[in-house]
Chemist: 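Have a look at this one.
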Amino acid sequence: MDGTTNTFVLGTGSCLPKRVLTNAELEGMVDTSDEWIATRTGIKTRRISGPGEETSHLAAGAARQALHMAGLTAGDIDIILLGTVSSEMSMPSCACLVQKELGAVNAFAFDLNAACSGFLYALDMADAYLKRDPALKIMVIGAETLSSRVNWQDRDTCVLFGDGAGACLVTGSSNGSGMIASKMFSDGRLFDLLCMDSALGMNPELSNYQNQGSFIRMIGRDVFRYAVRAMVSAVEHVLTQSGLTVDDVTLIIPHQANIRIVKSMIERLNVPAEKIYVNIDKYGNTSAASIPLALDEANREGRLQRGDLLLCCAFGSGFTWGATILRW
Ligand code: UT7
């Protein structure tokens with residue numbers, strides 16, 4: 001209770017497309033099996049968007065739920081920060097489309113690209129705004145329709161990803177609750193282990209850059225190794241930063257990329273499995289949406305009580321990674 005302003009969650013929300021795509025259906029699309037997908041990734045189903053379920057609509061749906069939980073209206077939002085790599089438009093930002101859909105006329109809005117770490121980066125940025133003005137109400141969203149960005153002939157990637165959105169409405173708190181530690185990292189040197197080209201350019205002078213198509217490419221085995229190491233080290237960093245141990249933490253929400261990554265983290269951090277929230281079986285890897293989706297589910301399930309310590313960690317293309325601790 002030192003008067004420091006921390007980012008405090010007023011409400012959470014999520015939104016998922018209706019269509020469920022099962023592993024059995026994927027067996028008919030590429031050379032794969034339910035057994036391989038379930039044992040190698042932990043994924044059983046994922047959601048796939050249809051008409052009216054573009055990234056901005058999912059994001060707005062999640063934001064509406066967060067507003068409702070907070071007892072506020074769209075006019076109360078000062079900033080919309082949206083982590084995504086799969087907006088339906090390159091310009092304007094997806095956040096501006098969300099602003100329009102919500103009628104958040106008093107906000108300014110922009111997107112942030114940190115791939116699967118996008119939500120945690122956006123939350124970290126919200127914290128900086130709130131240190132400047134604790135009264136702000138900031139809608140932090142992670143939203144993706146990666147079904148529009150995978151090569152549906154590539155079994156290495158198409159079985160992994162899903163669509164969805166999650167949101168948190170945050171404001172400043174000075175009573176000791178809220179974000180008590182946060183640290184983001186990136187390293188562009190290995191960008192091509194997990195990447196996606198832009199749409200083909202119109203300037204032939206720039207064509208020396210080898211554009212391989214605007215869909216996700218990944219060397220999964222290498223990404224896996226980096227993901228485990230990076231998330232464990234980010235978790236250790238924020239625990240040290242806040243003078244806490246993993247025993248003090250009530251719930252850990254890691255980016256949902258692979259159940260085997262989660263299991264490796266459990267071993268390395270020496271933490272009981274029950275402390276780690278997992279929903280990858282239902283939704284697959286939803287990139288920037290994965291942490292806020294899980295957070296909303298955990299919140300609605302009553303997994304978080306006032307005063308509990310929540311630790312979130314992410315890893316994604318860039319590479320980008322980070323971890324955050326919030327006192328609920
Ligand atoms: O969200 C951002 C961060 N992303 C991640 O953290 C993802 C990290 N990576 C992973 O989750 C895993 O590496 C994958 C799930 C992508 C792959 O699992 P893996 O155990 O690393 O498999 P692998 O790439 O080493 O491939 C093993 C075998 C290969 O066959 P051979 O060469 O051993 O004959 C693949 O061709 O599995 C094969 N394989 C498949 N088989 C059936 C790859 N994809 C499939 C598939 N179905 N869908």
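We're numbering straight along the sequence, starting at 1. For ligands, and for the atoms within them, numbers begin at 1 and follow the listed sequence.
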Chemist: Do we see a donor-acceptor contact under 3.5 Å between the side chains of S264 and E267?
Modeler: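 Their side chains do not contain a donor-acceptor pair, so the 3.5 Å distance test is not met.
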
Chemist: Under 3.5 Å, is there a donor-acceptor pair between the S56 and E88 side chains?
Modeler: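 Side-chain D/A pair, S56 to E88: present.
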
Chemist: Taking the non-hydrogen atoms of I37, is any one of them nearer than 4.0 angstrom to ligand 1?
Modeler: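 Per 4.0 Å heavy-atom rule, I37 does not contact ligand 1.
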
Chemist: I need the atoms of ligand 1 closer than 4.0 Å to a non-hydrogen atom of N258, numbered in the order shown.
Modeler: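 Reading through ligand 1 atom by atom, the close ones are 10 (C), 11 (O), 12 (C), 15 (C).
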
Chemist: Do R327 and N175 have side-chain atoms, one donor and one acceptor, less than 3.5 Å apart?
Modeler: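 Result is no, nothing qualifies.
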
Chemist: Does a donor on one side chain and an acceptor on the other come within less than 3.5 Å for E144 and S86?
Modeler: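 Side-chain D/A pair, E144 to S86: present.
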
Chemist: Between S14 and D296, does any side-chain donor sit less than 3.5 Å from a side-chain acceptor?
Modeler: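 A pair is found: one side chain offers a donor N or O, the other an acceptor, under 3.5 Å apart.
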
Chemist: Looking at L160, which atoms of ligand 1 are within less than 4.0 Å of one of its heavy atoms?
Modeler: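 Checking each atom against L160, I get 15 (C), 16 (C).
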
Chemist: Just to confirm my output: which protein heavy-atom neighbour is closest to atom 22 (O) of ligand 1, and how far is it?
Modeler: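 Ranking protein heavy atoms by distance from atom 22 (O) of ligand 1, first comes W36 CZ2, 4.0 Å.
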
Chemist: If we only consider heavy atoms of I219, is any one of them less than 4.0 Å away from an atom in ligand 1?
Modeler: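 Flag not set, I219 not near ligand 1.
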
Chemist: Please tabulate, for the side chains in residues 226-234, all donor-acceptor contacts under 3.5 angstrom to protein atoms that are two or more places apart in sequence or on a different chain.
Modeler:
none

Chemist: Identify all side-chain donor-acceptor contacts of residues 118-126 below 3.5 Å with residues at least two apart in sequence or on another chain.
Modeler:
residue : atom : partner : partner atom : Å
Y121    : OH   : F185    : O            : 2.7
D124    : OD1  : S182    : OG           : 2.6

Chemist: Between F110 and F108, how do the two ring planes meet: parallel, tilted or perpendicular, split at 30° and 60°?
Modeler: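 Correct class here is parallel.
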
Chemist: So, are E297 and K282 salt-bridged, with charged N and O less than 4.0 Å apart?
Modeler: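 Salt bridge between E297 and K282, a charged N being under 4.0 Å from a carboxylate O: yes.
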
Chemist: Starting from atom 35 (C) of ligand 1, which protein heavy atom do you reach first, and at what distance in Å?
Modeler: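 The answer is R155 NH2, 3.9 Å.
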
Chemist: Among I280, T320, V223, which one has a heavy atom closest to atom 3 (C) of ligand 1?
Modeler: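 It is V223 that holds the nearest heavy atom.
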
Chemist: Report yes or no: do S147 and S49 form a side-chain donor-acceptor pair below 3.5 Å?
Modeler: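 Result is no, nothing qualifies.
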
Chemist: Under 4.0 Å from atom 16 (C) of ligand 1, is there at least one protein heavy atom?
Modeler: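 Yes.
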
Chemist: Counting non-hydrogen protein atoms only, what is the nearest one to atom 26 (O) of ligand 1? Give residue, atom name and distance.
Modeler: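 Nearest neighbour among protein heavy atoms for atom 26 (O) of ligand 1, to 0.1 Å: R221 NH2, 3.9 Å.
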
Chemist: Nearest protein heavy atom to atom 9 (N) of ligand 1, by residue and atom, and its distance?
Modeler: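 Protein heavy atom at minimum distance: G220 O, 3.0 Å.
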
Chemist: Find all atoms of ligand 1 within a distance of less than 4.0 Å from any non-hydrogen atom belonging to V159, and give their numbers and elements.
Modeler: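 Near V159, the atoms of ligand 1 are 48 (N).
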
Chemist: For Q256 and Y277, what are the C-alpha separation, side-chain angles and deciding distance, and is it a side-chain hydrogen bond (donor to acceptor under 3.5 Å, both in side chains)?
Modeler: CA-CA 9 Å; Q256 310 280 314; Y277 196 85; over 6 Å; no

Chemist: So, N6 versus S173: side-chain donor-acceptor pair below 3.5 Å or not?
Modeler: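 Absent: no donor and acceptor within the cut-off.
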
Chemist: Does the protein come close to atom 31 (P) of ligand 1 - that is, does one of its heavy atoms sit below 4.0 Å from that atom?
Modeler: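 It does not; no protein heavy atom is within 4.0 Å.
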
Chemist: Pull out every atom of ligand 1 sitting under 4.0 Å from any heavy atom of D156, numbered as shown with elements.
Modeler: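 Those qualifying, in numeric order: 43 (C), 44 (N).
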
Chemist: Show the atoms of ligand 1 that are less than 4.0 angstrom away from any heavy atom in T41.
Modeler: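 Those qualifying, in numeric order: 15 (C).
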
Chemist: Using a 4.0 Å cutoff against the non-hydrogen atoms of N285, which atoms of ligand 1 qualify?
Modeler: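 What qualifies from ligand 1 is 1 (O), 2 (C).
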
Chemist: For atom 18 (O) of ligand 1, what is the closest protein heavy atom, and at what distance to 0.1 Å?
Modeler: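 The closest one turns out to be R260 NH2, 3.3 Å.
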
Chemist: Only heavy atoms of H255, strictly under 4.0 Å: list the atoms of ligand 1 that pass.
Modeler: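 Counting atoms of ligand 1 from 1, those under 4.0 Å from H255 are 1 (O), 2 (C).
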
Chemist: Nearest protein heavy atom to atom 20 (O) of ligand 1: under 4.0 Å?
Modeler: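 Neighbour list for atom 20 (O) of ligand 1 includes protein heavy atoms (cut-off 4.0 Å).
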
Chemist: Please verify whether a non-hydrogen atom of V30 lies at under 4.0 Å from ligand 1.
Modeler: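 The answer is no: ligand 1 sits nowhere under 4.0 Å from a heavy atom of V30.
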
